[in-house]
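Data first, discussion second: the structure below is written as structure tokens.
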Amino acid sequence: MRIGFIDSGVGGLSVYQQVQQQVPADYIYLMDNKYLPYGEKSESFIQQRLYQLSQHLIELGAELIVIACNTATTQAVEFLRQHFSIPFVGVVPAIKPAAALSQGKGFAVLATPATANGEYMAGLIRQFAPHDDVIKFGSSELVRLAEDKVWYQQDVRQQVSDILSVSPIAGHGCGIVVLGCTHFPFLAEEIKQALPSATVLLDTGEAIARRVKQLVGLQSLTDKQYQHCFISTRALNELQSDRLKKLGFDQQQCWPMPILS
Ligand code: DGL
């Protein structure tokens, strides 16, 4: 079994780490860093680009693709399901669990600008949290800080706190924050530090791992050495390459294909 992952950056690794622990398979992580951040692109751009990236992964043998990005899922997963026959697992903000937990008291969603302002999330809120006051905040700056932290172990506490302190989340006192971007679990500590200590953060990594496991079915564990391949669309530097080795990616490639217009 070969499973593909797609995200614009390192965010999808927060999902990949959970899936990979539970499902023995060959993995290809395709990081579209040429076009990071996705949260500032149009829907038609995201759909065309995700089509192209999915096609590439399928040519490389992927039999299931995880769109490890809320922005790409909310804008393109239905489009991809219409065009390809393999299963796609998407990641969407945990609105339903947040509503179950808040019991009408309201919660906040931290996402990219595209997800925060998009129709897909508005629909999830109408469907699952009609009685909640939901504060939405989209930030590409937080995406960049997560990149800096994961690649270079930078201390980003102050910047995260500065961003959140002027956001609509500050002072609202909602005790539940949905991490609606796969980059943000990497900033969980910093986000918690910037908010009241009892704040609960919700993400969907574990639920995605369960879903993939269910789709893949029971695979017999063998001694097979699984492959973990990382493909970026813009060349990585030496520090990034070392980091990937530490994260278990034994193969690294660059596929610098631009979007076809
Ligand atoms: N990791 C992505 C998400 O979950 C997108 C980050 C970006 O490129 O804006 O939305």
Side-chain angles (χ1 to χ4, degrees), residues 4-19 29-50 52-54 65-80 88-95 98 108-125 136-151 156 159-160 163 167 177-188 190-191 201-209 211-212 230-234 236 240 247 258-259:
F5 269 72
I6 302 177
D7 186 28
S8 54
V10 295
L13 290 173
S14 66
V15 182
Y16 164 82
Q17 283 168 344
Q18 307 240 26
V19 174
Y29 188 101
L30 177 48
M31 177 177 82
D32 196 14
N33 52 336
K34 192 190 270 292
Y35 293 110
L36 177 102
Y38 274 180
E40 289 171 17
K41 304 287 185 296
S42 69
E43 183 174 275
S44 71
F45 179 97
I46 297 289
Q47 290 187 350
Q48 277 179 53
R49 185 61 173 168
L50 266 286
Q52 189 185 12
L53 299 177
S54 302
I65 295 178
V66 180
I67 306 297
C69 172
N70 293 261
T71 309
T73 300
T74 55
Q75 305 201 39
V77 78
E78 289 313 326
F79 177 81
L80 297 170
F88 282 84
V89 175
V91 178
V92 297
I95 302 299
V109 186
L110 211 50
T112 64
T115 304
N117 303 321
E119 186 39 44
Y120 193 101
M121 194 162 79
L124 288 178
I125 294 170
K136 298 184 275 181
F137 178 57
S139 167
S140 293
E141 198 45 44
L142 288 176
V143 171
R144 290 192 191 94
L145 292 174
E147 291 280 319
D148 289 345
K149 182 179 174 188
V150 173
W151 289 124
V156 296
Q159 289 109 302
V160 171
I163 291 170
S167 78
V177 176
V178 174
L179 302 181
C181 167
T182 54
H183 276 73
F184 298 166
F186 288 119
L187 297 178
E190 291 80 355
I191 293 169
L201 304 183
L202 295 178
D203 74 70
T204 42
E206 226 179 278
I208 301 303
R211 178 71 187 133
V212 173
F230 194 99
I231 305 176
S232 58
T233 55
R234 173 182 281 169
L236 299 180
Q240 290 174 305
L247 291 169
I259 188 163

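Only this structure's heavy atoms are used, side chains among them; waters, hydrogens and symmetry mates stay out. Model, not experiment: these values are computed from the prediction. Counting starts at 1 for both ligands and their atoms, in listed order.
Annotation for ligand 1: atoms under 4.0 Å from non-hydrogen atoms of Gly39 are 7 (C), 8 (O), 9 (O). Ligand 1 places these atoms under 4.0 Å from at least one heavy atom of Cys181: 1 (N), 2 (C), 3 (C), 4 (O), 10 (O). Counting the atoms of ligand 1 from 1 in the order shown, those under 4.0 Å from a heavy atom of Thr112 are 5 (C), 6 (C), 9 (O), 10 (O). Remark: ligand 1 atoms within the under-4.0 Å shell around heavy atoms of Pro37 are 7 (C), 8 (O), 9 (O). Of all atoms in ligand 1, listed by their number and element, those nearer than 4.0 Å to a heavy atom of Leu36 are 8 (O).
Contacts of Asp7 with ligand 1, taken as heavy-atom pairs under 4.0 Å, involve the side chain alone.
What you find for Ser54 and Leu80 is that their closest heavy atoms are OG-CD2, 3.8 Å. Closest approach of Val77 to Phe88, counting heavy atoms only: CG2-CB, 4.1 Å. Contact between Ala98 and Val178 at its shortest, heavy atoms only, is CB-CG2, 3.5 Å. Nearest heavy atom pair, residue Glu147 against residue Gly11, reads OE2-N, 4.5 Å.
Atom 5 (C) of ligand 1 has Cys69 SG, 3.6 Å as its closest protein atom, hydrogens excluded (heavy atom only). Of the protein's non-hydrogen atoms, Tyr38 N, 3.2 Å is the one closest to atom 7 (C) of ligand 1. Protein heavy atom closest to atom 6 (C) of ligand 1, with residue, atom name and distance, is Ser8 OG, 3.5 Å. In this structure, the protein non-hydrogen atom closest to atom 10 (O) of ligand 1 is Thr71 OG1, 2.5 Å.
Within a 6.0 Å radius of CD in Glu141, more than 12 heavy atoms belonging to other residues, nucleotides or ligands are found.
When atom types are taken as modelled, the side chain of Thr73 and the backbone of Ile67 share a donor-acceptor pair closer than 3.5 angstrom. Here the side chain of Thr204 pairs no donor or acceptor atom with the backbone of Ala94 at under 3.5 angstrom.
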